[in-house]
Asks: 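Just dropping this structure here.
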Amino acid sequence: MYAAHTNDHGHDEHSHKPSGIMRWVQSTNHKDIGTMYLWFSFAMFLVGGAMAMIIRAELFQPGLQIVKPEFFNSMTTYHGLIMVFGAIMPAFVGFANWLIPMQIGAPDMAFPRMNNLSFWLLPPAALLLIAAQFAPGGGAGVGWTLYAPLSTQAGPAMDLTIFAIHILGMSSIMGSINIITTILNMRAPGMTLMKMPLFCWTWLITAYLLVAVMPVLAGAVTMTLTDRHFGTHFFNAAGGGDPVLYQHIFWFFGHPEVYVIAIPAFGVVSQVIPAFSRKPLFGYASMVYATASIAILSFMVWAHHMYTAGMPVEAQLYFMYATVLIAVPTGVKVFNWVATMWKGSLTFETPMLFALGFLFLFTLGGFTGLVLSIVPVDIQLHDTYYVVAHFHYVMVAGALFSAFAGIYFWLPKWTGRMYNETLGKWHFWLSLVFFNVTFFVQHFLGLAGMPRRIPDYSLQFAEFNMISSIGAFGFGLSQLLFLYIVIKTITSGEKAADRQWEGADSLEWTHLPSPAPWHSFETPPVVK
Amino acid sequence: MSKQPIFESIPEHDHPGFTYFRCYASSLDLRLMALFFGSLAVVLLVIATAFAMIGAWFVIPFAGVEIAALGAAVWMILRRAGDFESLAFRGDRIQVEVCERGLARRFDFHCSWARLVPCGPGAVALRSHGRTVEVGRYCDETGRQELTRELRGRLGAGRI
Amino acid sequence: MGNKGFRKWVAAAAMFFWSIAAWAEYKLNLQTPNTRLGETIYDLHTIITVICFVIFVGVFGFMFYAVFKHRKSVGHKAAQFHENTAVEVAWTLIPFVILIALAVPATGTLITMRDASEPDLTIKATGYQWKWGYDYIKGEGEGISFYSALSTPRAQIDGTDIAGRNANPNYLLETDNHVVVPVGKKVRILTTAADVIHAWWVPALSVKQDAVPGFIRDAWFKAEKAGIYRGQCAELCGKEHGFMPIVVEVMEPAQYTAWVSTQQKKVAAAKVDPGKTWTPEELKEQGGKVFAQNCVACHQATGMGVPGAFPALNGSKVVNGPKDDQIKLVLNGKQGTAMNAFKHLSDVDLAAVLTYTRNSWNNKTGDAVAPAEAKALR
């Protein structure tokens, strides 16, 4: 019953694959590119993580011990930029590359050469972000939001950063166009949109969002650049501009960007939970509609990031109502996931554990988001550690845990080998505990009044900061275990079955062997 | 969990000889494509115009570049939408049918006369009596190498 | 044996209560509000948090029930249902209703919060990198104006005086000049900034408002009790963002009146006779004070700046060059760098600080900038 229905792909086992480094540089194969995206994002995860360690080391005790304030600001800035644009986004693009062609029954992506280019734009951008640390005056300590006019007065590092963002944006757009055209154009016969695995749906919606908002980010940073060097006054009040205009533009991009990160995470979890519940996803259609509603709403709520920046009370009311509305479709998704598990036949392998960790903690982050959506309360909590805790629950326990779930879930399909289940579970429990030690106490810090992005704090915040730092070091070290698990799987893992998870029913599990052959579907499967 | 497998493959070989069929796209739905790209272009224009009206006109060029990129992608897909290439051995003849941009061409070669020749970087063609047709255009390099190997075996060794 | 077990329990209970006592020192909630509005907000936060907690427990009650009862290892067989319209409609509509119930009180509170009309006292708070300037614009105390900067000694921050830091209950939350306001009066705070965006925030007064250069925003509070309330800049504003606190001292009306009159006397006494002629020595002395208030954070007390980020004044070509160029640079700032325009300094202060830089460290131009020279170039 669970035997894999695999095609005869024997003829793909050929010896003509390009070898050596050029195989990777020139590769137009969606699996190679997916692999590169994932490794790249892990490398960036380590770089951004090291920056987080510096931040938490400085905050371990009151006083300035380790770094200077300007370097601290640079760390918070590039930690944010690198994690968002270098680690989380490329990780999910990596998933998209690996999985979308397999899940819709396509041989590859629609534009393989563009796919290659969109990956290879990333390393130079990452190098620019890292090089910015060594620019005269050090990195730009302006926060990942790059608010003007602070960004106007920053040193040359700012220009490198703007250039890096342009490159990252180009890469994202090419990736998105590729994903959209692949999904619309390369589906196997019979694979209607409403039959696609939810992961493909979430990426279709994400790619749409990305294409819609990327020009806004590009415009925002370009205007910063011209304000800096070419005498324009978009954000300079002295020249007739408005610094708050930058915030509107940035968050018009920035809020959808949050969902660009979260929605593919929803997709991964929507594959993992049914597989380990041995039960179809509850409310498939409502999941699709809920995801689309979240995406549409995400265009209408940007100013809830700037309640204190000054806007008419009517605008604040509108943004509050629109923001609380997002809780409805998000709630539908959470209820659907729980209902999927209800009366299932559950097992708890590592992917499922991470998916449950995601569900539990992401919902917690969603609730603190609801607290923050209420304007009078937000005004108390804005720019405090409460916000820091909130978005780390959504980004780390949300997106990152979902990415871990996905990697453990598909690693057998990708490598043909099984990871070590015991170590995987250790990785989960260590991450879960240390994550909460790090970030749960930050809610209290924010409530008590600790502003974010400060290198030193008054003594009343000392205990929680120390706890948070200890948690952060533990969380950072636990991720090295993950690296070890993945390398061990690739080099000496046990052979994985074609359908490693008995409850997994998308095409890559039912129709392809493990490891997946170099070309997914030379001949399209027919979906009934 | 007992479920009927919902997917099944087309048998790759419907008769003992070698047949080969490749087309560019398999699921193009013009209305869907139009809806998607049309709505994206409209959304981009609305956003860019709205920002221009409050002074941030720098969004417009980027939105323009993106619409152009989207348009180029759509154009390339539409141009290649109905394209296919099929190859079939019937007895001692090899029949090739190629359709590019709605224009279908048929070739019927004798196996012992047809030869594989290189045409352009990385591309191969079949040639017989002065007529040439490129084959394997919808494969990537490795797929094309396999096809070449397969054809070479059937057309007789050492001909290329 | 039994006795031993009992002792263990007592020890455990003692540990438990000790840990609760220890937790009492950890602040777990919003600061105690000192305004009516703040109390409303505090309650609003409590209500939302409780509602969220109840829903959270409910939803994850179901999840954990499934986790324990519907697992394969206890032999549970999977059902195959995958939709139920009634349930799906219910869990779309019920949250909707709860959200409306939340939005109603929030709307009322917000409208009160934003109504800064008819204040008893209006104070303008201007954010500078990195201190606050206050101008009492309207109401009792009109005309008072001062700067307010961090007064925690540098030695406590950089770790040369750790004992001092640990003994300082207001470490990083103390300023040289407090913003003084009367109790029970509606105080309107106008915020603006001279360079980058700052945010004026005092948690116990439930006020947080960004200070945007070139624009004026407002917020208000009416303190219920006299006392000292401390806050910090809440918007990243550069290197010393963590070091520009806000201290508001709420006084009884009579005390406030007394404070106003001493301040006004001080202003009168400090009023510089415009016809006064300054000797270079006087200018240099005054300049040292101005430098300590405005310049030292970047250019450092040694005049060496921070290599790469902030240029040294010691040995600088501009400082040792023609006076006019230096005056212009300080007056207008340098576009695209952290060097802001210092037009807000008086002619005397400007002349004084320039004289100071031209004759300090290794700079020995031997000349003095006269206030009239600064005035001429404005």
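The sequence lines fix the lettering, A, B, ..., with proteins before strands; numbering per chain opens at 1. Values reported hereafter were calculated over all heavy atoms of this structure, with side chains retained and with hydrogens, waters and symmetry mates removed.
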Asks: Chain A heavy atoms under 4.5 Å from C:Arg165: which part of the residue, side chain, backbone, both or neither?
Replies: both
Asks: Which answer fits C:Val67, side chain, backbone, both or neither, if we ask what part of it has an atom under 4.5 Å from a heavy atom of chain A?
Replies: both
Asks: What part of A:Met311 gets closer than 4.5 Å to chain C, counting heavy atoms only: side chain, backbone, both or neither?
Replies: backbone
Asks: Where does C:Ile157 contact chain A at under 4.5 Å (heavy atoms): side chain, backbone, both or neither?
Replies: both
Asks: Examine whether an atom of C:Val59 lies under 4.5 Å from a heavy atom of chain A, and if so say whether it belongs to the side chain, the backbone or both; otherwise answer neither.
Replies: both
Asks: Given that the side chain runs from C-beta out, which part of A:Asp456 has a heavy atom under 4.5 Å from chain C: side chain, backbone, both or neither?
Replies: both
Asks: For C:Phe62, is it the side chain, the backbone, both or neither that has a heavy atom under 4.5 Å from a heavy atom of chain A?
Replies: both
Asks: Could you check whether A:Lys279 makes a cation-pi contact with C:Phe81, meaning its NZ or CZ is under 6.0 Å from the centre of the six-membered ring and within 45° of the ring axis?
Replies: yes
Asks: Output the option from A:Leu356, A:Leu445, A:Asn336, A:Val334 having the highest count of non-hydrogen pairs under 4.5 Å with chain C.
Replies: A:Asn336
Asks: Tell me whether the centres of the aromatic rings in C:Tyr65 and A:Trp342 are closer together than 6.0 Å.
Replies: yes
Asks: Counting only non-hydrogen atoms closer than 4.5 Å, does C:Asn168 touch chain A with its backbone (N, CA, C, O), its side chain (CB onward), both, or neither?
Replies: backbone
Asks: Verify, without hydrogens or angle tests, whether A:Ser345 (side chain) and C:His76 (backbone) share a donor-acceptor contact under 3.5 angstrom.
Replies: yes
Asks: Applying side chain to side chain contact (heavy atoms under 4.5 Å, CB included) between C:Lys208 and each of A:Asp378, A:Thr384, A:Leu381, report the one that passes.
Replies: A:Thr384
Asks: Measure from the side-chain N and O atoms of C:His70 to the backbone N and O of A:Lys343, and report whether any donor-acceptor pair falls under 3.5 Å.
Replies: yes
Asks: Measuring heavy-atom distances to chain C, does A:Gln380 have an atom under 4.5 Å in its side chain, in its backbone, in both, or in neither?
Replies: both
Asks: Any side-chain to backbone donor/acceptor pair from C:Gln209 onto A:Thr308? Under 3.5 Å, distance only.
Replies: yes
Asks: Taking A:Ser151, A:Pro243, A:Gly141 one by one, which has the highest count of heavy-atom pairs under 4.5 Å against chain C?
Replies: A:Pro243
Asks: Output a table of donor-acceptor pairs, distance under 3.5 Å, between side-chain atoms of residues 232-244 of chain C and any protein atom two or more places apart or on a different chain; print 'none' if there are none.
Replies:
{"residue": "C:Lys239", "atom": "NZ", "partner": "C:Ala297", "partner atom": "O", "Å": "2.9"}
{"residue": "C:Glu240", "atom": "OE1", "partner": "C:Arg154", "partner atom": "NH2", "Å": "2.5"}
{"residue": "C:His241", "atom": "ND1", "partner": "C:Glu235", "partner atom": "O", "Å": "3.1"}

Asks: Is chain A contacted by the side chain of C:Met113, its backbone, both, or neither, given a heavy-atom distance below 4.5 Å?
Replies: side chain
Asks: Give the C-alpha distance, both sets of side-chain angles, the deciding distance and a yes or no for side chain to side chain contact (heavy atoms under 4.5 Å, CB included) between A:Leu325 and C:Phe96.
Replies: CA-CA 7 Å; A:Leu325 266 189; C:Phe96 199 76; 3.3 Å; yes
Asks: Charged N to carboxylate O under 4.0 angstrom, A:Glu463 versus C:Lys27?
Replies: no
Asks: Which residues in residues 360-369 of chain A have any heavy atom lying under 4.5 Å from a heavy atom of chain C?
Replies: A:Phe360, A:Thr363, A:Leu364, A:Phe367
